[in-house]
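Working notes for the structure below.
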Protein chains: 2
Amino acid sequence: MSTTTTRTTYSIKDAAMLTGLPASTLRYYESIGVIGPIRRGETSSHRVYSEEDLDLLTWVACLSATGMSVDDMRSYVANGALGPSAAANQVALLVEQERRLALEAEQIALRARYVRIKIAYWQAVEAGDTARADELSDQARALADDLKKVRKN
Amino acid sequence: MSTTTTRTTYSIKDAAMLTGLPASTLRYYESIGVIGPIRRGETSSHRVYSEEDLDLLTWVACLSATGMSVDDMRSYVANGALGPSAAANQVALLVEQERRLALEAEQIALRARYVRIKIAYWQAVEAGDTARADELSDQARALADDLKKVRKN
DNA sequence: TAGAAAACTTCAAGCACTTGAAGTCAACGC
DNA sequence: GCGTTGACTTCAAGTGCTTGAAGTTTTCTA
């Protein structure tokens, strides 16, 4: 009869997806002590992330995204400033993170549109349709201006 | 009677402001050949950017913003200078860029959802609503499970 | 027009990842 | 069981800026 504890563990790939940090960066952060050593599998050397690990990494991702240096992140985490006792503070951090993600999504949508225009442009050039190419060139220029504005935040 | 070509020129600081790239990055791009050598002042060694330089740099800034490597930027700019003959090459590069952007958008949407759950979670903890906190914890876990299924594609 | 202050220059070093090589581990079909 | 496939591991080297130092050049103010 096995103990049926609800499985709440994650592979490094899961952790990477949920935090937005590449797996290589998770290993890097661990290697330089931003986060403590992660538990390994019973039979393997593979990292096994717990729910708490994920919570902590979510915070670290927030700090990283706001441009904090790894040295500062390390002391921030070491000082326990990210524990449950600072809930209000943490919500503020997460709301900020949410705002930044929305902005990032906006930027990506703009860039995708820009790229699509450029694809159409080169296809027009290839087809020898100069008028359409010029028109698309103007569209690209206008969009580049939009992109610059969004970027300022 | 002087030739009245309106010769608009820009300092490196002007160029940085107009392209959104730091001055240090403009010098770096020039040093590794992403852009050609910029004209210098008559009496000084200061860079003097022309309108054409600015156009090219705006384009380079867009490539940079979409995460293109400097090597790819270099060949892309070189191909662009070659005009219509390289059109097919340009389209291939851009289609790849479009695919990357779509993937990035997907990841960001997922992260945003995770962050929103975490915000609600900490607000529940702060309010002492343990039941709701547990429920949200489950939701975060469910999101991770959904992710595993999506990952198969 | 002198002399300070701001902006530019090069070069080198630093930072925060990122990638590559070479090997280990796990899950599947046979 | 047994090979193949793909994800994981470590470690070292590479990448793309970024910053700092030390020295011009330009511009502002007096």
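Any value given below was found using the heavy atoms of this structure, including those in side chains, with hydrogens, waters and symmetry copies removed. Every chain is numbered from 1 and lettered A, B, ... according to where its sequence line falls, protein lines coming before strand lines. All of these numbers come straight from a predicted model, not from anything done at the bench.
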Could I get a table of every N or O pair under 3.5 Å where one atom is in the protein and the other is in nucleotides 23-27 of chain D?
residue, atom, partner, partner atom, Å
D:dT26, OP1, B:Thr43, OG1, 3.1
D:dT26, OP1, B:Ser44, OG, 2.9

Are any non-hydrogen side-chain atoms of B:His46 and B:Ser11 less than 4.5 angstrom apart? no

For A:Ile32, answer base if it contacts any base atom (sugar-phosphate contacts may also be present), sugar-phosphate if it contacts only those atoms, and nothing otherwise; contact means non-hydrogen atoms under 4.0 Å. nothing

Exercise: identify the closest heavy-atom pair between B:Glu98 and A:Ile119: OE1-CD1, 3.5 Å

When rounded to the nearest 0.5 angstrom, what distance separates OG1 in B:Thr130 from CZ in B:Arg132? 12.5 Å

Any residue of residues 20-28 of chain A with a heavy atom less than 4.0 Å from an atom of DNA chain D: A:Arg27

Using a cut-off of 4.0 Å on non-hydrogen atoms, how would the nucleic acid contact of A:Ser31 be classed: base, sugar-phosphate, or nothing? nothing

Give me the atom names and distance for the closest heavy-atom approach of A:Ala15 to A:Leu26. CB-CD1, 3.7 Å

How large an angle, rounded to 10°, do the end axes of the helix from C:dT1-D:dA30 to C:dC30-D:dG1 enclose when each is built from five base pairs? 40°

Would a 4.5 Å heavy-atom cut-off, applied to side chains only, mark B:Tyr29 and B:Leu21 as touching? yes

Audit row: B:Glu51, B:Tyr10, side-chain hydrogen bond (donor to acceptor under 3.5 Å, both in side chains) steps and yes/no: CA-CA 8 Å; B:Glu51 201 84 50; B:Tyr10 306 86; 2.9 Å; yes

Would you say the ring centers of B:Trp59 and B:Tyr76 fall short of 6.0 Å from each other? yes

For the residue pair B:Asp53 / B:Ser50, report whether a side-chain donor-acceptor contact shorter than 3.5 Å exists. yes

Over all heavy atoms of both residues, which pair between B:Ala23 and B:Ala16 is shortest? Give the atoms and the distance, please. N-CB, 3.8 Å

Can you give me the closest heavy-atom contact between B:Asp72 and B:Ser75, atom names plus distance? O-OG, 3.1 Å

Rounded to whole Å, please give me the gap between CE in B:Met68 and P in D:dT15. 18 Å

Quick one: side chain to side chain donor-acceptor pair (under 3.5 Å) partners of B:Lys118, sequence neighbours excluded? A:Asp55

Nearest-Å distance for atom pair CG/C1', residues B:Asp71 and D:dT15: 10 Å

Correct closest heavy-atom pair for B:Ile38 and B:Arg47 would be CG2-CB, 4.0 Å

Identify the 5'-most and 3'-most nucleotides of DNA chain C with at least one atom closer than 4.0 Å to a non-hydrogen atom of chain A. C:dA16 to C:dA26

Where each residue is assigned the nucleotide of DNA chain C containing its nearest heavy atom, which of B:Arg47 and A:Met73 is assigned the position nearer the 5′ end? B:Arg47

Test of understanding: with salt bridge (Lys or Arg N to Asp or Glu O under 4.0 Å), list the residues that count as partners of B:Arg27, not counting sequence neighbours. none

